[in-house]
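Below is one structure; the comments refer to it alone.
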Amino acid sequence: MFSILRSLWYTFLHAFHKRETILYPEEKPYLPPRYRGRIILSRDPDGIERCVACYLCAAACPVDCISLQAIEGENGRRYPAFFRINFSRCIFCGYCEEACPTYAIQLTPDFEMGEYNRQNLVYEKEHLLISGEGKYHGYDFYKVAGIDAGVKEKGEGANEQPPVDVKSLMP
Amino acid sequence: MIFILIIAGVLFIVLTIAAGLIYIERRLLGLWQDRYGPNRVGPFGLTQVVADMIKIFFKEDWVPPFSDRPVFVLAPAILISTILLTFAVVPFAPGFNVLDSNIAVLFFLGNSSLGVYSIVLGGWASNNKYSLLGAMRASAQMLTYEVFMGLSLMGVVMLADSFNLREIVEAQRHGWFIFPQFIGFVIFLIAGIAETHRLPFDIPEAEGELVAGYHSEYSGMKFGMFFVGEYMGVTLISALITLMFFGGWLGPAFLPPIVWFFLKTAVFICFFILLRASLPRPRYDQLMGVGWKILLPLALLNILVTGALLLYFK
């Protein structure tokens, strides 16, 4: 009996508490930088797209919403001919970001992607590519990779030894 | 002419309050649960009721093919009409009532008993086991609580020496009846909650167990009538608590009597909503047990003591 009156009183006191609701369209909630929202493709410091079209994101995607086609440039550099994300399927799990070896695909804290037409949720490469480097500044995959793709000579990288001359017997 | 105006006024007030309660309840529940409630439609969400009504009128008014059609259609109407009939004897202010009846209290008790038919018939005609379970619970609960709902009012009737609600209010000029009849008030309040089957005594509906209880099969405005009927019941019980125990329209003269009446009624309506915001639903057998084993003897004891004291001081 006492506990009933006490819970009535405590509930009544909530009339003077602050409300927890965030009135969304007028008042934006704080989203941390690592929030998983709309997916983008970033560029390296030279402004060339980072994606090397390795298909790892498409393989990691649990709902198969990423599709792409790799082609090779004139100096052996791979890039996607098309890169398509179907956001009406995407569940924003972030596995593609984890799988990406070149930091190309990244998730951003933007979630306002409402559309009236379902087909408009299919984003092509020109919609996905941003002009900046995203969350990882100063990173260029081809600077640390072992191949020469026009960025650096073979064996010139930061943690790299010059290639061994296999024709020589000298140590 | 004035008579028709009063009838129109009472109908207008009651229906407006009942419709407004849909909005007020949601806002108050929001307030007590640290959220906002409906605040989008119009200023402060005030026209939410209009939006709800438009929606509910344009819904498909579906009568299940397996139901008992005439009874199914009639059941919500019974609820509304019994409650509206009871408002005929409720005096809002001196001279502002449809019927100055000498048996107003009995008329209210009789009509609230008839209200059970609406729920039982609605649940039965739905031809659905959840509806039937809800209807059976409702009939048992309401019959139980009607017994001492009437008995709890008898102390007031004895003190005022009248069944007339106007005279009961006038008899409280020198002190509200809540003080001599506190037990009667508590019992009437509990019985009133059970009678309107509001939370925490919404066992006939019990959405966790019975889908929506007796009105599972109802849709559109038929459901709306059950819905509005519940709010009218809340208003009715609050008005009667005000009249019986809190001096009705009596109050200091700086406000007109009718304002005092509505202020006091509003406090009890808010209390009903506070109950909903804070208390969980008891088990069905606990509800019946408390009714028969505690509240009924208490109500009888209250009558006995009141009667004995009245005789002694006469």
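So you know, we letter chains A, B, ... as the sequences are listed, proteins then strands, and number each from 1.
Residue-environment remark: CZ (A:Phe111) exceeds the threshold of 12 foreign heavy atoms within 6.0 Å. Shown here is A:Arg89, whose CZ atom has no more than 12 heavy atoms of other residues, nucleotides or ligands within 6.0 Å. Shown here is B:Ile183, whose CD1 atom has no more than 12 heavy atoms of other residues, nucleotides or ligands within 6.0 Å. Taking a 6.0 Å sphere around CZ of B:Phe44, one finds it holds 12 or fewer heavy atoms contributed by other residues, nucleotides or ligands. Dense packing is recorded around NZ of A:Lys28, with more than 12 heavy atoms of other residues, nucleotides or ligands lying under 6.0 Å away. A:Gln119 CD: 12 or fewer foreign heavy atoms inside a 6.0 Å radius. Enclosure of atom OH in A:Tyr10 is not indicated, since only 12 or fewer non-hydrogen atoms of other residues, nucleotides or ligands lie within 6.0 angstrom.
Within the model, atoms CG of B:Asp34 and NE2 of A:His14 stand 5.5 Å from one another, a figure rounded to the nearest 0.5 Å. The structure places CZ of A:Phe16 at 8.0 Å from CG of B:Leu31, a figure rounded to the nearest 0.5 Å. Atom-to-atom distance recorded for B:Tyr36:OH and A:Glu20:CD is 10.0 Å, nearest 0.5 angstrom.
Heavy atoms closer than 4.5 Å to chain A are found in both the backbone and the side chain of B:Leu274. At a 4.5 Å heavy-atom cutoff, B:Leu28 makes no contact with chain A through either its backbone or its side chain.
Residues A:Arg19 and B:Arg35 come closest through the heavy atom pair NH1-O, 2.8 Å. Residues A:Phe12 and B:Trp32 come closest through the heavy atom pair O-NE1, 3.5 Å.
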Would you sort out whether B:Asn39 and A:Leu23 count as a side-chain contact (heavy atoms from CB on, under 4.5 Å), showing the intermediate values? CA-CA 10 Å; B:Asn39 64 348; A:Leu23 293 172; 3.5 Å; yes
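Checking A:Ile4, A:Thr11, A:Leu8 one by one against B:Leu275, the side chain to side chain contact (heavy atoms under 4.5 Å, CB included) holds for a single residue, A:Leu8.
Between B:Ser278 and A:Arg6 the shortest side-chain heavy-atom distance does not fall below 4.5 Å.
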